[in-house]
Undergrad: 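Okay, here's the structure, questions in a sec.
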Amino acid sequence: MTDRPVLEATDLDKRFGDLHAVRGVSFHIDPGETYGLLGPNGAGKTTTIAMVGGLLERDGGQVLIEGEPMTVRTLDPRRKIGLVPQDLAIYPDLTARENLTFFARLYEISGQQLKDRVAKVLEVIGLTDRADDRAGEFSGGMKRRLNIGIGLLHQPRLLILDEPTVGVDPQSRNAILESVEALSSDGIAVLYTTHYMEEAERLATRVGIIDQGEIKAEGTRRQLVQMVGERDRISITANGPLESAVTDLRGMSGVEEAGASDGQITLLVRDASELLAKALETVTNTGASVSSVAVEEPDLEAAFLHLTGKALRD
Amino acid sequence: MRIAWIIARKDLALRSRDRSVFVIAFVAPLALAFIFNLVFGGGGNDIGQSVQFDYGIVDRDDGPVSQAFTEVLEAIEADGLIAVQPFDIEPDARAAVEDGTIDSLFILPSDLSANITTGLPANIEVVGNVDTPTSAGVAASIAERFASGLAAATDAALTAVETGVIGPDEIASAAAEAGAQPPVAALVGIDAGIRLLDSATFFVAGLSIFFMFFVAGLGVTSMLEERRDGTMTRLIAAPIRRSSIIGGKALSSVLIGLVAMVTLVVASTLLMGANWGDPAGVLLLIFAAVLAVVALMSFVGGLAKTTEQSGNLQGIVAVTLGMLGGTFVPIGDPTSFLGQLRFLTPNAWFLRGLADLGGGNIVDTLPAVGVLLLIALGFGVAAVSVARKVVSA
């Protein structure tokens, strides 16, 4: 294992007409490291990995894969990358084995090596028993695992996973996360995009918080949470007009950040004991009905709120 | 090429799984052949034989020019291509055209030879039955060829009079004698056209090339499907050239097209006794036609953004070129604007190639094959250009 990063992305820039989708994004990933790109939908995560994977022409910046420049025209660096798109990029009318065999051949794997690699990947993704069943007959979780398995066939140095757990049941989701942990421990560098804070907290060695095409902050979980400072996080679960409540809460003295997502209001405050009663009153005054309240230590969700001024799933 | 083959093989496997390849390559051609057999009937009794047109002639001139024209018709009749029935009364002859007793009628006016003698314009009237436009077209062509030869000969005869080589009373006979020659030579082309109009072979060939248009669009449609379904992203992420992806898609279309066309040729030959001609020439023509149509439809399909748009565009182009190329209804007058316009279509060149093959050998198909390959090249280059946009994440 060398000290050279597997991936170095520098000043990546991309525009789609008037939309400045990615603005000067830079990060690197070392061997065996899992880098979490955490941001809401539309933050620029998929565009960033499309440029990293050589799928999309960039307007500026540079991508190096183990020191080799990657562009939409270069072929060799692609052998080092395993890309797992957000969409299920599999052929439903082919069996799991046929899907794996087809993509392996595109990476010039053949003969006994081809059979061995396909068998190994089927084992890793837990589909050995269903290898000769058509992928279209699989459950959503099994399709997701096959989607990931295709990215592992050629033993890449860098595995790019774009929101791999979207629409997956909890059991399959856990299996996927365990697989990623195992791959990382095998020395594979992983670029993992997600808008699930808990996935980034569990998997990522380092996290880049991306919003509106910019990396707002980067570091380990501890480093990012420290940016929040000595603040308390109040989580209020409620039903009703939460956006209206958040607007009112933002106007309260002592509330530093407020956001809402998935039926939950998150507040960053200097002193929760002073503000809790007033905050609850403000929420109920908007017509919302509060079902639970919790005061917690800051986490990545709080860090995201602190850095971007909005909840992760806004 | 290896990667293109891997992609084509995968596509063929997918088509075989959803059974579309069997429908396209075997079921549809066989069903078409079966329908043709029902329509044209006879289990091959009438198939493969040349069509004979029944013509009538009313000679009101009875001079040297009308005599020369009658001789031209007799020469063609001797070849078995037409049958000519003389009529004394013009209304009777017109009635025969109306009721279908004869396909077309030549009316030679009483002043035909006299006008030729004096250098005045003269007309040979052709009356056709609306239900037999091909017959009328061939009749018109015979008359035009004769007239053009006659005009040149008359000019020559008048010059001969001025120079004292012949006397004025010999103009008509000299012109008629000389004017009768070019049409005989010109009828070589008509002869080939008549071979093509062997009805069963013509319709099977025309509809098979029309059918090919729908097969040919599969490649570009599957590219759009891969982009819609996300698998295109994975193909682009692999260490392969985008041209290999395009090549693989085109290869699968060509292979399916070749199988479909050969199936149709074999089935129509066995079931209907269709007479396609020299197998080597037919294969060469099919290969060139499949390349041309795949290139054309790949270009057309590549202009679309979705599979639905692509299907609609391809359908419009297939039907338009089918109509224009004379697939459904033979173009009545091959010398008309529409008749010439048809040669902008691969359909017409394929049919022309088969006609040339029927009247000769494989060498005679080379002009049609050459044009089809040029179409393939031109649209192939354009198709690659538009397909590159489809091959994107």
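Numbers restart at 1 for each chain; the letters A, B, ... are given by sequence-line order, proteins then strands. Remember, predicted model here, so these are calculated numbers, not experimental data.
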Undergrad: Looking only at heavy atoms, what is the nearest atom pair of A:Leu75 and B:Ile240, with distance?
TA: CD2-O, 3.6 Å

Undergrad: Other residues, nucleotides and ligands only: do more than 12 of their heavy atoms fall within 6.0 Å of CZ on B:Phe287?
TA: no

Undergrad: With side chains defined as the heavy atoms from C-beta onward, is the minimum distance between B:Thr233 and A:Asp87 less than 4.5 Å?
TA: no

Undergrad: When only pairs under 4.5 Å are counted, which of A:Glu98, A:Arg105, A:His154, A:Arg78 shares the most heavy-atom pairs with chain B?
TA: A:Arg78

Undergrad: Do the non-hydrogen side-chain atoms of B:Arg2 and A:Glu108 ever get within less than 4.5 Å of each other?
TA: yes

Undergrad: Count the heavy atoms of every other residue, nucleotide or ligand shown that sit under 6.0 Å from CG of A:Asp132, and state whether that count exceeds 12.
TA: yes

Undergrad: Just checking B:Arg241: does its CZ atom have more than 12 heavy atoms from other residues, nucleotides or ligands closer to it than 6.0 angstrom?
TA: no

Undergrad: How long is the gap from CD on B:Glu226 to OH on A:Tyr91, to the nearest 0.5 Å?
TA: 3.5 Å

Undergrad: For A:Asn147 and B:Arg234, which I'm curious about, is there any donor-acceptor pair between the side chains at under 3.5 Å?
TA: yes

Undergrad: So which residue, A:Pro85, A:Gly53, A:Pro92, ends up with the most heavy-atom pairs under 4.5 Å with chain B?
TA: A:Pro85

Undergrad: So which atom in A:Ala89 and which in B:Gly230 form the shortest heavy-atom distance, rounded to 0.1 Å?
TA: CB-O, 3.4 Å

Undergrad: Is there a side-chain contact between A:Leu88 and B:Asp229 in this structure, where contact means two heavy atoms from C-beta onward sitting under 4.5 Å apart?
TA: no

Undergrad: Quick check for you: to the nearest 0.5 Å, what is the distance between B:Thr231 atom OG1 and A:Ile90 atom CD1?
TA: 10.0 Å

Undergrad: Using heavy-atom distances under 4.5 Å, tell me whether A:Ile150 contacts chain B through its side chain, its backbone, both, or neither.
TA: both

Undergrad: Hey, what do you get for CD1 (B:Ile6) to CZ (A:Phe103), rounding to the nearest 0.5 Å?
TA: 12.0 Å

Undergrad: Write down the atom of B:Lys10, the atom of A:Leu94, and the distance for their closest heavy-atom approach.
TA: CG-CD1, 4.0 Å

Undergrad: Minimum heavy-atom separation for A:Tyr107 and B:Pro239, please, with both atom names.
TA: CE2-CD, 3.2 Å

